[in-house]
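Only heavy atoms go into these numbers, but all of them, side chains included; no hydrogens, no water, no symmetry mates. Numbers restart at 1 for each chain; the letters A, B, ... are given by sequence-line order, proteins then strands.
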There are 2 protein chains.
Amino acid sequence: MTRARHTDVRETIGDDHPTCRLRDVLDRVGDKWSVLVMDLLGDGPKRYSELQRSIAGISQRMLTLTLRSLERDGLVERTVTPTSPPRVDYALTPVGRTLSSQVSGLIVWARQHRDYVAASRARYDAS
Amino acid sequence: MTRARHTDVRETIGDDHPTCRLRDVLDRVGDKWSVLVMDLLGDGPKRYSELQRSIAGISQRMLTLTLRSLERDGLVERTVTPTSPPRVDYALTPVGRTLSSQVSGLIVWARQHRDYVAASRARYDAS
DNA sequence: CGGTATCCGACCGGATACTG
DNA sequence: CAGTATCCGGTCGGATACCG
């Protein structure tokens, strides 16, 4: 939202001119909390409190904001069971699952190459 | 298998050791400029000024910082030709290419689903 | 339980100026 | 051409408090 601040993006990157859209989606992937949430939800629906426990370090504020934007993008579905106290479940939508599998590929990459990256950094910083 | 395809994101994130390295790598993907630069370099080596021209909207500062961190991570190689004026070329390393291909998967996803995402947002914002 | 509202410090990144 | 240095406004996100 209001990413328009960042000037007019008429660029040669990608084939399609509105790179803003492309960037919007990539920003979603770029968000570290979104990635972690989508990865967890790839395992199946989870309650709010489950997510909060699983992602130690995330603040209530950020968990809510993350879930809201994922829901807004149609990647996550929110289900409220009006018991008392209320129960809220989050699950990936079908489209959300397709993104989740892409993200999963990235995570696999990250795990496979983290030693390489760490070594590269050490070497770079040494010189 | 219910959770085999997932990473150990369940580890705490509060303590910085185990997961933060994973996150460091994902942050690289998360950076919007890094993604664009890697995508461009996927086509072959490029000069500094070519990148700057292709990615309209990027500041000189950010292009330099982005390239430096990609180089530090061993994903991009910097080659200086000491002519006058100097010429600097950037190219993906072999490992950089493997990440680049993951990234292109994401970009393909983004193109395929950008209408869906846009529609979801419109519907969400309307309610 | 599952949020919302508000404050505020940290950091990110654009603009600008200068250099080998 | 390919950077580095500095300033600084804006945003992100943690902490805290409160609510249905």
Undergrad: Less than 4.5 Å apart, any side-chain heavy atom of Leu67(A) and any of Leu51(A)?
TA: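 Yes - at least one pair of side-chain heavy atoms lies under 4.5 Å apart.
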Undergrad: Apply side chain to side chain donor-acceptor pair (under 3.5 Å) to Thr64(A) and list each qualifying residue two or more places apart in sequence or on a separate chain.
TA: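 Tyr48(A).
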Undergrad: In whole angstroms, how far is the P atom of dG2(C) from the CG atom of Leu63(A)?
TA: 10 Å
Undergrad: In whole Å, I'd like the distance from the CG atom of Asp27(B) to the P atom of dG13(C).
TA: 11 Å
Undergrad: Would you kindly give the CE-to-P distance between Met62(B) and dC12(C), to the nearest whole Å?
TA: 9 Å
Undergrad: Rounded to the Å, how far apart are Leu65(A) CG and dG14(D) C1'?
TA: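 About 12 Å, once rounded to whole Å.
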Undergrad: Applying the 4.5 Å side-chain criterion to the ILVMFWY set and letting contacts propagate, would Tyr124(B) and Val80(A) be lumped into a single cluster?
TA: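 In one cluster: no.
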Undergrad: Among residues at least two apart in sequence or on other chains, which ones pass side-chain contact (heavy atoms from CB on, under 4.5 Å) with Ser59(B)?
TA: Arg61(B), Met62(B)
Undergrad: Report the distance from atom CH2 of Trp33(B) to atom P of dG13(C), rounded to the nearest whole Å.
TA: 9 Å
Undergrad: For nucleotides 1-8 of chain D, read 5' to 3', which letter fits each nucleotide if B means a protein heavy atom sits under 4.0 Å from the base, S means only the sugar-phosphate is that close, and - means neither?
TA: SBBB-B--
Undergrad: Taking side-chain contact (heavy atoms from CB on, under 4.5 Å) as the criterion, tell me which of Leu40(B), Val37(B), Asp43(B) meets it with Ser54(B).
TA: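 Per the side-chain contact (heavy atoms from CB on, under 4.5 Å) rule, the option paired with Ser54(B) is Leu40(B), out of Leu40(B), Val37(B), Asp43(B).
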Undergrad: Between Lys32(A) and Asp27(B), does at least one N-O distance fall below 4.0 Å, as a salt bridge requires?
TA: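 No salt bridge links Lys32(A) with Asp27(B).
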Undergrad: Please identify each residue that fulfils side-chain contact (heavy atoms from CB on, under 4.5 Å) with Val95(A), with sequence neighbours left out.
TA: Leu75(A), Thr93(A), Thr98(A), Trp109(B), His113(B), Tyr116(B)
Undergrad: So if I take the C1' atoms of five pairs at each end of the helix from dC1(C)-dG20(D) to dG20(C)-dC1(D) and get each local axis, what angle do the two axes make, rounded to 10 degrees?
TA: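 Axis angle across the helix from dC1(C)-dG20(D) to dG20(C)-dC1(D), nearest 10°: 50°.
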Undergrad: Taking only residues two or more places apart in sequence, or in another chain, which ones meet Arg47(A) in a side-chain contact (heavy atoms from CB on, under 4.5 Å)?
TA: Ser49(A), Glu50(A), Arg87(A), Asp89(A)
Undergrad: Write down the distance between CD (Gln52(B)) and P (dG14(C)), rounded to a whole number of angstrom.
TA: 12 Å
